[in-house]
Protein chains: 2
Amino acid sequence: MPEVNQQLIAERLQISVATVSRCFTNHPGINPLTRARVFQLAAELGYTHQEMRTGRASKKATATSKPKVTFGVLICSEEEEYYRKDYQNPSEQILAGITECAHVNGVKVEVHLVDPKAVALDDPTYLKIEKFRRRWNGLLLVYPFPSAVLDALAIKMPLVSLVEQYDHAGIDCVDVDHDKGVSSAIEHLREHGHRRIGFFTRRYTVEASWSFRRYAAFVEKMARLRLTVSPRDIVNMFPSKELGEAESIEYAAERTLDGVTAWVCAADHQAFELIRGLRKRGIDVPGQVSVTGFDGIAAPRGCPVLSTIEIPFREIGATGTLRLIARVKKHFGSTQHVFIDGRLRAGATVASIRK
Amino acid sequence: MPEVNQQLIAERLQISVATVSRCFTNHPGINPLTRARVFQLAAELGYTHQEMRTGRASKKATATSKPKVTFGVLICSEEEEYYRKDYQNPSEQILAGITECAHVNGVKVEVHLVDPKAVALDDPTYLKIEKFRRRWNGLLLVYPFPSAVLDALAIKMPLVSLVEQYDHAGIDCVDVDHDKGVSSAIEHLREHGHRRIGFFTRRYTVEASWSFRRYAAFVEKMARLRLTVSPRDIVNMFPSKELGEAESIEYAAERTLDGVTAWVCAADHQAFELIRGLRKRGIDVPGQVSVTGFDGIAAPRGCPVLSTIEIPFREIGATGTLRLIARVKKHFGSTQHVFIDGRLRAGATVASIRK
DNA sequence: CGTTTTTTTGCATTAATTTGCATTATTTGA
DNA sequence: TCAAATAATGCAAATTAATGCAAAAAAACG
C-alpha cells in the first residue's frame with residue numbers, strides 16, 4: 001500500500017502539510033478553493049481523516065459545544081482524471097462552493113468518490129463509505145446516480161443533487177437554469193439576424209435529462225418569439241429519427257444547405273463535433289452557419305471558441321449546501337428545484353447572417 | 001491562473017480598489033451604476049467574493065444585536081380581487097407563508113396593494129408608498145408587475161417575485177414547479193391509458209409566461225414518453241392559429257372527435273371553460289375525453305372537481321422570504337429561480353380510456 | 001516505553017481587503 | 001450666486017486572509 005497521508009496530498013498540490021491539516025480540522029482562514037482541492041484529491045487517493053477509528057480524537061473539540069452537523073459529498077465519477085485537471089475543473093468548483101458555504105455555517109463535509117458502475121448500495125464502493133454514512137446528517141450528490149441508489153439513500157437522510165436533474169420526488173436539485181440559458185443563446189442568435197434556427201443533440205444510452213430540458217427550453221423560446229420550427233430542423237430528439245454520430249452530422253449539413261442558418265446544441269461537446277463535421281464537409285462556421293453550445297467547457301485544440309452558456313458551478317455548490325442545511329433543520333417541506341442563471345459567453349461561432 | 005482580485009477589477013474599470021471593495025461589502029454611498037459595472041466585470045472574470053468567515057462577530061457587531069430588517073410586500077392586484085373571500089384566496093395563503101417565515105427570522109414586513117394599471121413609479125399608487133420604501137431592505141412582489149416598475153425598483157433594492165415568472169435578469173423568482181406539475185398530470189393520464197393527449201390554452205393580452213412554460217413542460221414530457229403530439233392537437237399556442245374563446249372550444253371538440261382522448265389545460269379556468277363547452281356540445285367529460293388543469297382553484301358551481309395541480313402558495317411565500325433574506329445579506333450573485341412541487345389532486349375529470 | 005511517523009498548532013510573513021478621512025463634483029437653498 | 005449639504009470616490013493606514021516554517025502533540029510501531 002502506498003502510504004496515503006497528508007504529506008502526499010501536500011506534495012501533489014504543492015502546498016504545505018500544515019495547510020492540508022487545517023483543511024481537515026476545519027480551521028478558519030483556509031481558502032475554500034484550497035480546501036476543495038485537498039478534499040477532492042483526498043477522495044481520489046482514498047485518504048480518510050482521523051474519523052475511521054474511535055471517532056472524537058480531540059477532547060477540546062467536544063468541549064467547544066457546537067452540535068456539529070456533517071454532510072457527506074458523493075461524487076459519482078471515474079477517478080476524475082478524465083477532464084482537464086487545470087483551472088476550471090467542474091467538481092472542484094462545485095466543491096469550492098460547498099466548502100465555502102459549509103464552513104461559514106459551521107458544517108463539516110466529507111468527500112468521497114463513488115463508482116458510476118455501481119448500481120446498488122451493496123456494491124463495495126458504497127460499503128466502503130457505509131460506516132461514515134451513519135454520522136452524516138445529509139448528503140450532497142454530484143453528477144448522476146443510479147436510481148436504485150437514490151431510493152436507498154433517500155430514506156436514510158435528506159439529499160440534494162447538484163448539476164444533475166432528478167424527477168425523483170423528495171430529492172431537491174440545484175442546477176443551471178437551462179431555460180434562461182437556451183433563451184439567451186437564442187436571443188444572441190436573433191440579434192445576429194437568425195430566424196431559422198435548428199436544435200441539435202444526440203441520443204444517450206442513459207437518458208439525459210438535460211437534453212430534454214434544453215430541448216423544451218428551445219421550443220418554448222421559439223414559441224415566445226413567434227418563430228416557427230420545422231420538426232425536420234430538430235436533430236435526434238423524439239419524434240425525429242435516431243441517428244448515429246456521422247449520420248446526425250450528415251443530416252445537419254443537409255438541413256444547413258436547405259436553409260437553417262443557426263444550430264442550438266444541447267451541449268458543448270455536441271457543438272464541437274458538429275462544427276468539426278460541418279467544416280469537414282466544406283461548410284464554414286460561422287460564415288455559413290452559426291452554432292451555440294451549452295456548458296462552457298474549454299475548446300479542444302483546433303476548435304474555435306464556442307458561443308456558449310457557462311455553468312456557475314461554484315454557486316451551484318454553495319446554493320445546494322444552503323438548501324441542504326435548510327432541509328436538515330426542517331425535514332418537511334416539498335421538494336424543490338433551484339435553477340441558477342448561467343452567463344452567456346460570446347465566442348467565435350456566431351456571426352451575423354448575410355442578407 | 002491570472003490572479004483575479006479586486007485590484008484587477010479596479011484597474012480594468014479605472015477606479016480604486018476601495019470602491020470595488022465597497023461594492024462587495026454593500027456600503028452605502030456607492031453609485032449603483034458603478035456597483036453594477038463591478039459585479040458585471042467580476043462575473044466575467046470569475047471573481048468570487050467571500051464573506052468574512054473567521055470574523056469572530058467581534059467588536060461592534062455583537063453590541064448592536066439585531067440589525068432589524070424590514071421587507072415590503074407589494075401585491076399587484078385590484079382591491080375587489082384581493083378581498084374576495086369566496087374561495088381560498090391565493091394571496092392570503094402567500095402572505096401567511098411570508099409572515100410566518102418573517103416572524104421566525106425576526107424580519108418585519110409591511111404589506112401594500114398597488115394598482116395593476118400603474119405602469120411607472122411616479123404613479124400615485126407608488127408615490128403613496130414612497131416614504132415607506134426607504135426603510136425597506138428588500139421587496140417581495142406578488143403577481144405580475146409592469147416591466148418599467150421592475151426596472152426602477154430593481155436598482156434600489158433586492159427583489160423576489162412570487163408566483164409570477166420574470167425573465168428579467170436580477171430578479172429572483174419563486175413559483176410552482178410547472179414542469180413537475182405538467183409531468184405528473186400527463187403521467188396520471190397515461191396511467192389511465194391515454195396516449196393521444198392534446199394541449200389547450202388561450203391567448204392573453206399580456207403575455208402569460210406560465211402558459212408558455214407549461215406548454216414547454218408538455219412538449220418535454222411527451223418527448224420523454226416517446227408519445228407523438230400532432231401540432232393540430234395544440235390549441236392556441238404558436239404556431240397554431242389564435243382563436244377566440246368559442247372557436248377554441250369548437251376546435252377542441254373537433255379534435256376530440258378526431259381521436260384526442262385527453263386535454264392538458266394550462267390553467268384551471270381554461271379547463272372549466274373547456275369542460276363546459278364540450279358538455280354543451282354533447283361530449284361527456286370524463287366519459288369521452290379526460291381533462292386536467294393546473295392551479296388547484298375550487299370548481300365553479302355546476303362544474304366537476306377537476307384533476308389538477310395544487311399550487312403550494314404558503315410554501316412559495318415562505319421560501320421567497322427566505323430567499324430575500326439571503327439576498328439582502330449578500331446581494332450579488334446570480335439570479336435564481338426556485339420551483340416548488342405542487343401536489344396532483346385527482347378529481348372527477350380523468351377516467352380510464354375505453355378500449 | 002522509547003522511537004519514528006503523522007498531524008496539529010503557534011508564530012511570522014505576505015497579499016488582499018476594508019475603512020477612516022480627505023477630496024472633488026453636484027445639488028440645494030436662500 | 002455662493003455657501004452648505006450631499007454624493008462618490010481616492011489615498012493610505014489598519015485589518016484580515018492565507019499559508020509556510022518549525023516546534024509540539026498525537027499516533028503508530030516494535
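Computation of the quantities below employed the complete heavy-atom set of this structure, encompassing side-chain atoms and omitting hydrogens, waters and symmetry-equivalent molecules. It should be emphasised that the depicted structure is a prediction, and the values quoted were computed from it without experimental measurement. By convention in this document, chain letters (A, B, ...) are assigned in the order of the sequence lines, proteins followed by strands, and residues within each chain are numbered from 1.
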How would you label the contact of A:Thr25 with the nucleic acid (heavy atoms, under 4.0 Å): base, sugar-phosphate, or nothing? sugar-phosphate

Taking the side chain of B:His27 as its heavy atoms from C-beta onward, which of D:dT19, C:dT19, C:dT8 lies nearest to it? C:dT19

By side chain to side chain contact (heavy atoms under 4.5 Å, CB included), B:Thr48 pairs with (sequence neighbours left out) A:Arg314

Smallest separation among heavy atoms of A:Pro312 and A:Val176, with atom names: CD-CG2, 3.8 Å

Which protein N or O atoms sit under 3.5 Å from an N or O of nucleotides 24-28 of chain C?
none

Rounding to an integer number of Å, can you tell me how far A:Ile30 CD1 sits from D:dT16 P? 18 Å

Calculate the interatomic distance between B:His49 atom NE2 and D:dA18 atom P; express it in whole Å. 11 Å

Those residues that, when tested against A:Pro300, pass side chain to side chain contact (heavy atoms under 4.5 Å, CB included) (two or more places apart): A:Phe272, A:Cys303

Between its two end axes (five pairs each) the helix from C:dC1-D:dG30 to C:dA30-D:dT1 turns, nearest 10 degrees, through 30°

A:Glu100/A:Arg35 ion pair, N-O < 4.0 Å: no

note: A:Glu11, atom CD; C:dT6, atom P; distance rounded to Å ~ 11 Å

Whether B:Gln50 contacts D:dA18 is assessed here as follows: a side-chain N or O lying under 4.0 Å from the phosphate OP1 or OP2. Is that the case? yes

Rounded distance in Å - CG (B:Leu13) to C1' (D:dT9): 13 Å

Has B:Tyr47 got a side-chain N or O lying under 4.0 Å from the OP1 or OP2 atom of C:dA16? no

Polar atoms only, N or O, under 3.5 Å: list the protein pairs with nucleotides 10-12 of chain D and their distances.
unit_1	atom_1	unit_2	atom_2	d
D:dG10	OP1	B:Ser16	N	3.3
D:dG10	OP2	B:Ser16	N	2.6
D:dG10	OP2	B:Ser16	OG	2.7
D:dG10	OP2	B:Thr19	OG1	2.6
D:dG10	N7	B:Arg22	NH2	3.3
D:dG10	O6	B:Arg22	NH2	2.9

Using distance alone, with no hydrogens and no angle criterion, decide if B:Asp172 and B:Thr335 have a side-chain donor and acceptor under 3.5 Å apart. no

To the nearest Å, how far apart are B:Leu8 CG and C:dT17 P? 11 Å

Would you say the side chain of A:Val107 lies within less than 4.5 Å of the side chain of A:Thr70, judging by non-hydrogen atoms? no

Distance in Å, B:Phe39 CZ paired with B:Ile9 CD1, rounded so as to fall on 0.5 Å steps: 9.5 Å

Nearest to the side chain of A:Gln6, heavy atoms from C-beta on, is which of D:dT19, D:dA18, C:dT8? C:dT8

Is the closest side-chain heavy-atom distance between B:Arg37 and B:Leu33 below 4.5 Å? yes

Between C:dT19 (P) and B:Asn26 (CG): distance, integer Å: 12 Å

Parallel, tilted or perpendicular: which describes the rings of B:Phe24 and B:His49, with under 30° parallel and over 60° perpendicular? parallel

Strictly by modelled atom types, are B:His337 and A:Asp341 linked by a side-chain donor-acceptor pair under 3.5 Å? no

Option from B:Leu74, B:Val73, B:Thr99 for which side chain to side chain contact (heavy atoms under 4.5 Å, CB included) with B:Val111 holds: B:Val73

Under the side-chain hydrogen bond (donor to acceptor under 3.5 Å, both in side chains) test, residues paired with B:Gln6 that sit two or more places apart: B:Tyr47

To the side chain of A:Asn5, which of D:dA8, C:dT7, C:dT8 is closest? C:dT7

A:Ser21 side chain near C:dT7 phosphate (N/O to OP1/OP2, under 4.0 Å): no

